[in-house]
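Here's the structure we're looking at; comments come further down.
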Amino acid sequence: MKYLVRDKLFAIGDDYWIEDEDGRHAFLVDGKALRLRDTLELKAPDGRVLITLREKLLSLRDAMTVERDERPLATVRRKRLSLLRNHYRVTMADGTELDVSGRILDREFAVEYDGELLAHISRRWLRVRDTYAVDVVREDADAALLIAVAVCVIRMAERED
């Protein structure tokens with residue numbers, strides 16, 4: 001399933017819809033303004049909060065936490081000791097790790113678990129300017145989590161740039 005994300009400079013307080021490949025609203029990214037730390041909520045079309053992304057305070061390295069139902073689900077960090085600047089590690093609460101690598105700022109990267117592709121993020125498939133697709137490859141994958149990871153690493157990479 002492909003999801004289309006309108007690419008714009010993210011500012012705190014920005015809200016935008018992510019559509020499925022049929023053009024229906026699938027998720028709303030709700031930027032929370034006036035917060036001590038950078039916070040985004042990924043919501044279902046009915047307004048339910050599915051995932052919350054928060055900038056991690058007092059971290060030696062830039063990091064964001066991914067929460068579901070107000071419980072930690074994962075932590076996203078730029079991979080240490082990587083020759084590639086655009087390589088991130090997602091450490092799940094249960095200890096499993098996802099690798100995110102590619103050209104993040106160009107919106108050409110992949111999310112993998114143990115060498116298996118879970119999602120591919122790309123602008124190549126689209127003619128619409130300032131839009132990229134999150135192609136969730138596995139049917140049993142958590143689409144909301146993979147979209148949240150894509151939004152998170154793009155946000156972190158833009159801040160580093």
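Just so we're clear, the structure is a prediction, and the values are computed from it rather than from any experiment.
The two atoms that bring Ile154 and Ile104 nearest to each other are CA-CG2, 3.8 Å, heavy atoms only. Taking each heavy atom of Glu97 and Tyr113 in turn, the nearest pair found is O-CD1, 3.4 Å. Counting all heavy atoms, side chain and backbone alike, Pro72 lies closest to Glu67 at CA-CG, 4.3 Å. Taking all atoms of both residues into account, the shortest heavy-atom contact from Ala148 to Ile51 is CB-CG2, 3.9 Å. For Phe109 against Gly102, the heavy-atom pair with the smallest separation is CB-CA, 3.8 Å. Heavy atoms only, all atoms of each residue included: Phe27 and Ala144 are closest at CE2-CB, 3.9 Å.
The CG atom of Asp114 sits 10.0 Å away from atom OG1 of Thr96, with the distance rounded to the nearest 0.5 Å. Atom-to-atom distance recorded for Leu118:CG and Asp142:CG is 10.5 Å, nearest 0.5 angstrom. Atom CG of residue Leu28 and atom CH2 of residue Trp17 lie 4.5 Å apart, to the nearest 0.5 angstrom. In this structure, Glu19 CD and Lys2 NZ are separated by 14.5 Å, a value rounded to the nearest 0.5 Å. Ile147 contributes atom CD1, which lies 9.5 Å from atom CE of Met1 (distance to the nearest 0.5 angstrom). Atom SG of Cys152 sits about 12.5 Å away from atom CZ of Arg54, to the nearest 0.5 Å.
Exactly one of Thr52, Asp30, Thr65 qualifies for a side-chain contact (heavy atoms from CB on, under 4.5 Å) with Thr39. That residue is Thr52.
Linking ILVMFWY residues whenever their side-chain heavy atoms come closer than 4.5 Å, directly or via other members, places Met156 and Tyr16 in the same cluster. Hydrophobic cluster membership is shared by Met92 and Val111, with clusters built from Ile, Leu, Val, Met, Phe, Trp and Tyr side chains linked at under 4.5 angstrom. Placement of Val149 and Leu73 within a single hydrophobic cluster is found when ILVMFWY residues are connected by side-chain heavy-atom separations under 4.5 Å, directly or transitively.
At least one side-chain heavy atom of Leu50 sits under 4.5 Å from a side-chain heavy atom of Arg48. Between Leu53 and Val29, every side-chain heavy-atom pair lies at or beyond the 4.5 Å cut-off. Put simply, the side chain of Lys79 does not reach to within 4.5 Å of the side chain of Tyr88, judged on heavy atoms.
Judged purely by atom type and a 3.5 angstrom limit, Asp69 has no side-chain atom pairing as donor or acceptor with the backbone of Arg71. A donor-acceptor pair under 3.5 Å is absent between the side-chain atoms of Asp22 and the main chain of Arg24, judged by distance alone.
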Verdict with reasoning, Arg155 to Leu40, per side chain to side chain contact (heavy atoms under 4.5 Å, CB included): CA-CA 11 Å; Arg155 191 171 192 98; Leu40 298 168; 3.7 Å; yes
Test log, rule side chain to side chain contact (heavy atoms under 4.5 Å, CB included), inputs Met64 and Val66: CA-CA 7 Å; Met64 289 188 83; Val66 179; 6.0 Å; no
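Salt-bridge annotation for Arg89 and Asp99: present, with a side-chain N of the basic residue lying under 4.0 Å from a carboxylate O of the acidic one. Using a 4.0 Å cut-off between charged side-chain N and carboxylate O, Glu158 and Arg107 make a salt bridge.
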